Amino acid sequence: MHSNNEANFEKVKVILVDIAGTTTSLEFVKEKLFAHINEEAAAFLKKNIEDEEVKKALDGIKIKDQELNTEEAVELIKKLTNENSENASLKTLQGLISKEGYQNGTLKAHVFEDVRSAFETWSTDKKIAIYSTGDKESQKLLFEHTTEGNLTSHISHYFDQSTGSKSDPESYTKLFEELKVSSDEILFINDNAEELMAAKKSGLLTALIKREGNAAVDEETLKEFTITITSFADLSFEVSNKRKIDDATDGTEIPPPKVPKTEETNTKNSDANAEAPKKTEEIVETINAKNEEQEKPTETSSEVEPMEVDGTEKETEEEKPEKAATDVTGMEIEEVKSSETATKENNTTEPQKTDVVEDKTNVEHTKTEVDAVEKKPIETDTKTESMDNVDSCKDSEDVVITKIEEEDTKKETIKEDNIEVALEKESKTVTETKTVLDSEVDGSGVESKTEKTETESVEVTASNSLMNDEPCATNTAPETSVESAKTNHEQSDSNGEINKVAEEPLADKTEVAETKVQEENESVIDKPLDKIANEEKVEESSKDDTTKSDSTNVISSGDDSKVVVEDKNGVSENGNSNEEKTNNTKSNEDVTNGVAHGQENGNKSTGAKEPEEETEIKVKKIETNEGSPAVSVEV
Ligand SMILES: CSCCC(=O)C(=O)COP(=O)(O)O
């Protein structure tokens, strides 16, 4: 009929209902149940008159010191039932008498059609308790055998007169203490105004329900209660929850709260219908309360289903913001990492790029290589030659660049390590060779000098070869140089003076060179770049003769290759083959044959010596341009 403005159903945790006139029609109770009890009372007492529980109950209904036979007891039970006595012992006897009727199917308790649906809904997030004049056993029997089926699964508590009279406010205090809730978290639905008033005095929310056949309640009395309803369906707690979600999430205008249906209006009804949406604080508080409640196990919740509304609500208010925060954090971290990486890369490459290039070479390609290779300050003029190869084969340049990245990534593979060794061994080998040359030149002839120079070529070209991961279509000089170097060593075996050098395993030498170069690199890295460059210049200057000639590109080294060719009358072609270059350091015969076979057989120059042929070879021109060295040869 009405709803008070103060009504706060969101707080309700327990819905307390009585039976007669609330869940069940008074007609059923009076015309069916009580009638059944009256009919069955005689038979029941005849069978159970000696039962101690029955005796005790009979003692509870008889007049003090009254002696009752079975027939008198039956008549007393009927009389009290017809008077609708609330005597607790009578209720016990009524329950005992009706039990067989429920069990054998003779009795089916009536419940209003809205009861089952409401119980199913309420029990999802609330407790449903029964408080009836009828004893607990009778209550359970009734709800176990209703016209709507067994509803006991939705009911968590049964209270009867053992808790106290429903008209005594004290009874409700005991009740909510037992339920472990506050008084205003219980909504008591009853058709009896007197009992509701007692509950109200204890602080319970009260709903007077007007069912067909119930006694009328005057309007002034109705105003005392929280709400007046005609059906359980008038109480829709879930709608309130949906409103809370709307309010808490999208901020859109919230429709007016759904007020339980009312039959008529009065001042309070109007107020109730105009009830403003709950404030956010209040809503949040209610949400939290509901979430807490939802976490608690329901005592008789075998059919309890999760509350979807609350579940969504939780996700909306908690999970989504949390996820969003995580994503944002992750992005921030990634950005920071990227920034750090970029900074590191710049720090390691940029400064050296500038310094080394400026100090060491004017060749642009060399600059590129120096840019890329962090640990190669030693490579100077020799690199210029090498870059001729790079010039004609962009793959080489690419390889160098790749190496930069690999070095930056800590050289994870053996191959990468090899590359590094080869590159660095190149310059180191030059130094060693220089020493050999000095001793040999002092003591012996040209031949040994030549052989050792070739050894130097091995080292250098080997490193270049390793740098070329991909074959170069136009210039495979680095790989060729490796083989040529080996050939020269083998050939050197015939020369006793250089056997010692020739027998030294190449691999071992490589290891030695690697170690030395590593040390050298470490020291170089620790030095200021400017200083390194200056030192390198000095070093290169002191070993200029051998360094340039030791290169695979002896031809392209300008003066040195020219000297060699002139001295030996050797032949060098346009730097296409290191075989040819190597042959530059051989005798005329070898050189001559090398030219022929170098063209025919590619890189293979280690085979048996060809018959000697007299061939006049003239070197017409030797270009020593760093960019594209060339030698013009006439045979
Ligand atoms: C199982 S109780 C049957 C009805 C009954 O006897 C009774 O007294 C109902 O009283 P209520 O307080 O539930 O209206």
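Whatever order the structure lists ligands and atoms in, that order sets their numbers, starting from 1. What you see is a predicted model; the values in this text were computed from it and never measured.
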For [X], counting its heavy atoms only, list the atoms of ligand 1 lying under 4.0 Å from any of them.
{"X": "Q139", "value": "1 (C)"}
{"X": "G134", "value": "2 (S), 7 (C), 8 (O)"}
{"X": "S138", "value": "1 (C)"}

Which heavy atom of the protein is the closest neighbour of atom 7 (C) of ligand 1, given with residue, atom name and distance?
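Checking every protein heavy atom, the shortest distance to atom 7 (C) of ligand 1 gives K91 NZ, 3.8 Å.
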Please write down residue, atom name and distance for the protein heavy atom closest to atom 13 (O) of ligand 1.
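For this ligand atom, the closest protein heavy atom is S132 OG, 2.6 Å.
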Run the numbers on D135 and S138 for side chain to side chain donor-acceptor pair (under 3.5 Å), then give the verdict.
CA-CA 5 Å; D135 75 326; S138 299; 2.3 Å; yes
Any idea which part of K166 is under 4.0 Å from ligand 1, heavy-atom wise: side chain, backbone, both or neither?
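Only the side chain of K166 comes within reach of ligand 1.
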Is it the side chain (CB and beyond), the backbone, both or neither of L33 that lies under 4.0 Å from ligand 1, heavy atoms counted?
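Just the side chain.
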Worked verdict on D114 versus S117 for side chain to side chain donor-acceptor pair (under 3.5 Å)
CA-CA 6 Å; D114 53 287; S117 175; over 6 Å; no
Can you pull out every ring-ring contact (aromatic ring centres under 6.0 Å, His included) where at least one residue sits in residues 37-84? Sequence neighbours excluded, please.
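Passing the test, one end in residues 37-84: no pairs.
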Kindly state each residue pair satisfying ring-ring contact (aromatic ring centres under 6.0 Å, His included) with at least one member in residues 169-212, sequence neighbours excluded.
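Every pair satisfying ring-ring contact (aromatic ring centres under 6.0 Å, His included) with a residue in residues 169-212: Y131-Y172, Y172-F188.
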May I ask you to check if R211 and F28 form a cation-pi contact, with NZ or CZ under 6.0 angstrom from the six-membered ring centre and within 45° of the axis?
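No cation-pi geometry.
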Where do I61 and L80 land on the side-chain contact (heavy atoms from CB on, under 4.5 Å) test, with the steps shown first?
CA-CA 9 Å; I61 63 172; L80 295 174; 3.7 Å; yes
Quick one, H157 and I130 - any side-chain contact, counting heavy atoms below 4.5 Å?
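No - every pair of side-chain heavy atoms lies 4.5 Å or more apart.
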Does K127 reach the side chain of I15, with side-chain heavy atoms less than 4.5 Å apart?
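With C-beta onward as the side chain, the pair stays apart.
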Has ligand 1 got any nitrogen or oxygen that is less than 3.5 angstrom from a nitrogen or oxygen of [X]?
{"X": "I19", "result": "yes"}
{"X": "T133", "result": "yes"}
{"X": "V29", "result": "no"}

Given D135, D18, D191, identify the one with the heavy atom nearest to atom 14 (O) of ligand 1.
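It is D18 that holds the nearest heavy atom.
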